[in-house]
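Take a look at the structure below.
Throughout, protein chains are lettered first and strands after them, A, B, ... in sequence-line order, and every chain is numbered starting at 1.
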Amino acid sequence: MRRTPAHLARHGGDHPNDRTREQGTVRRTVLGLAVVVAAALAGSAAAASLSDDPPPDVEAMLREEIEAMIAAGVPEDHPKVESLREDLRAMERSHDTDAPAEPGVDLGARVDTARERVAAGASGTGGWDRGEVLCEPVPGLLTIDDVADAVCVSAPQPDGTNRYVAIGPDEVAHVVTFDDEGEVARLADRSVPGPIVPGETSVTPTADGDLQITPPGRPPAVADLP
Amino acid sequence: MHPTRYALLALAGLLIGIAVGCHKHPSFTTRSYYMANASRDEAVLLGCANGDKQGRLTLFFGAPKAVGSGYGATLWGASDRTAAQIGTLVKDFVRGYVYCRESRSHRLLIGVGTSNSAVDGKSDTWLTTHGARWSKMVRDVHDWAATHYPTAASIYGAWDAEPSWSRYAKASAWMHGYDNAYPRRRNLHANFSADGCPQTTADNGACNNGWTQWHLWHLAWDHDPSLTFPQIYATSGANARQWKQISEYGHHHQGDGIHFFGVLAQSAACMQVGGCAGTDNTPHESHDQLFDALDSHSHTRQGSIDAMTDVRWHS
């Protein structure tokens, strides 16, 4: 029987060469993974830098769209293909065309005027609606269920913002606020005095930006808006 | 390890990196807007602010509505506008863009959009007429742009149609009105949702509110003006799968699969309103989800999806 060499006995049976081989395997694995990761990072950076090159123009995009549709089997004389081709031809011709300026329009002056008026607060939003309005979803804020069977009101606020309010038969007001700087948000629902009957319950904004609610056959009541 | 093996590993890594890192140039990711502001000055400045962009986008106005004695749309809380007034706002946007664009080679393809919300209570005749008036307004604004700013902007229609928002028959009535202006009518960005549509089957399955895959295919693709440009919001990939199945349905049952012209995301609007959990794909995520879904089968595969846009509120 082969006796275990003394150095193996001291190290629990492992041969130093075995440990060396195992450590070498680990090193090679780690190195291999590092190569893959480094190359992946390099590839990603290369792709990103390619995307920083000037992009293809819109005419190239239209050509691609037309070619792709035809390659997918859309007939060349299909109205969709023909209309896009017409657009492309018009774009190509436009480079050789001296387009007449709009009579009486100085684009630079128009932009400057717009900047001045907006900065001075003289431009506003073009006006907020006041009173009952069409009930419709507000994308991302009021769903079709929120406005179902509702009475909807636009209620300008003393601070210049606006509230779009949908009040359902459950006498809960769903409120969205708009301002003139791109701020749009859903505010907390609140209960209002009812009953709310579309076409019969009158809902009007007050000067303070709240709602006066007048159900059929009942005295008006004021509902505070957030 | 043999040097050849290291080289092969490096090549594999490089390919992985390129694939993961590949995306469209930033200027092609446009900004679309929910137009909740009726100020002409603001429209000019909005166009100017987009001078760094080129490609397809949509200016979304609200629901179709009678405005005065005419046809128009809501602007949510802002005052309703007639179709002609909306056309004027779009012209102001173009004027600002033309003045401020960073390169004379930059060009916007602008969809002027309404929706199918709040239309169930309207007669088919009214809706057909509204569609026709919208089509005329889009054509008029395009002709104006083609005359004065032909290198800068082309104008299209656009439509945010969603199954949950109306019965199919009412949406169809509007589309017939828009389409019947052929050959004078412009193409239309079909910025549709596919609420409730199947994600794994393509046999004319049911979507929300009585719509079917056929209804979505027909309005968003089959109608000649429609350039399919759907909402791909869901981070789960659900919307991408829904549209892949609608295209698959078209291929198998109508002999006509869909070519997708772009994707619509809403990540910017989500940030404005404080978040939309699960529906805040970035434009690149929207693009990649739809591209990968279509790429999963030879019947729906397409070489590229060229337009990416991210909608936000303009108030």
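- Looking at Val138(A) and Trp313(B), their side chains come closer than 4.5 Å, going by heavy atoms from C-beta outward.
- Ranked by non-hydrogen atom pairs under 4.5 Å with chain A, the options Cys48(B), Ser103(B), Cys276(B), Ala63(B) are led by Ala63(B).
- Interface remark: Cys100(B) contributes side-chain atoms only to the contact with chain A (heavy atom separation under 4.5 Å).
- For the residue pair Ser315(B)/Glu183(A), the side-chain donor-acceptor check at 3.5 Å is not satisfied.
- Listed options Trp221(B), Tyr233(B), Tyr34(B), Tyr33(B) were ranked by heavy-atom pairs under 4.5 angstrom with chain A; first place goes to Trp221(B).
- Side-chain atoms of Trp144(B) and Glu102(A) form a donor-acceptor pair, as typed in the model, at a separation below 3.5 Å.
- Side-chain atoms of Tyr156(B) and Asp87(A), non-hydrogen and from C-beta on, do get closer than 4.5 Å to each other.
- A salt bridge is absent between Asp224(B) and Lys80(A): the closest approach of a Lys/Arg side-chain nitrogen to an acidic carboxylate oxygen does not fall below 4.0 angstrom.
- With a threshold of 4.5 angstrom between heavy atoms, Thr147(B) approaches chain A through its backbone and through its side chain.
- Salt bridge present: Glu65(A) and Arg56(B) bring a charged side-chain N and a carboxylate O closer than 4.0 Å.
- Interface check for chain A: of the options Val273(B), Leu45(B), Thr151(B), the most heavy-atom pairs under 4.5 Å are formed by Leu45(B).
- Neither the backbone nor the side chain of Leu75(B) comes within less than 4.5 Å of any heavy atom of chain A.
- In terms of heavy-atom pairs under 4.5 Å with chain A, the best-connected choice from His259(B), Arg107(B), His251(B) is Arg107(B).
- For chain A, the nearby parts of His148(B) are the backbone and the side chain; heavy atoms of each come within less than 4.5 Å.
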Check against side chain to side chain contact (heavy atoms under 4.5 Å, CB included), Arg110(A) and Asp92(B): CA-CA 9 Å; Arg110(A) 183 69 183 93; Asp92(B) 284 328; 4.1 Å; yes
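- No side-chain donor from either of Ser105(B) and Asp57(A) sits under 3.5 Å from a side-chain acceptor of the other.
- Chain A forms more heavy-atom pairs under 4.5 Å with one residue of Arg301(B), Gln302(B), Gln266(B), Arg186(B) than with any other, namely Arg186(B).
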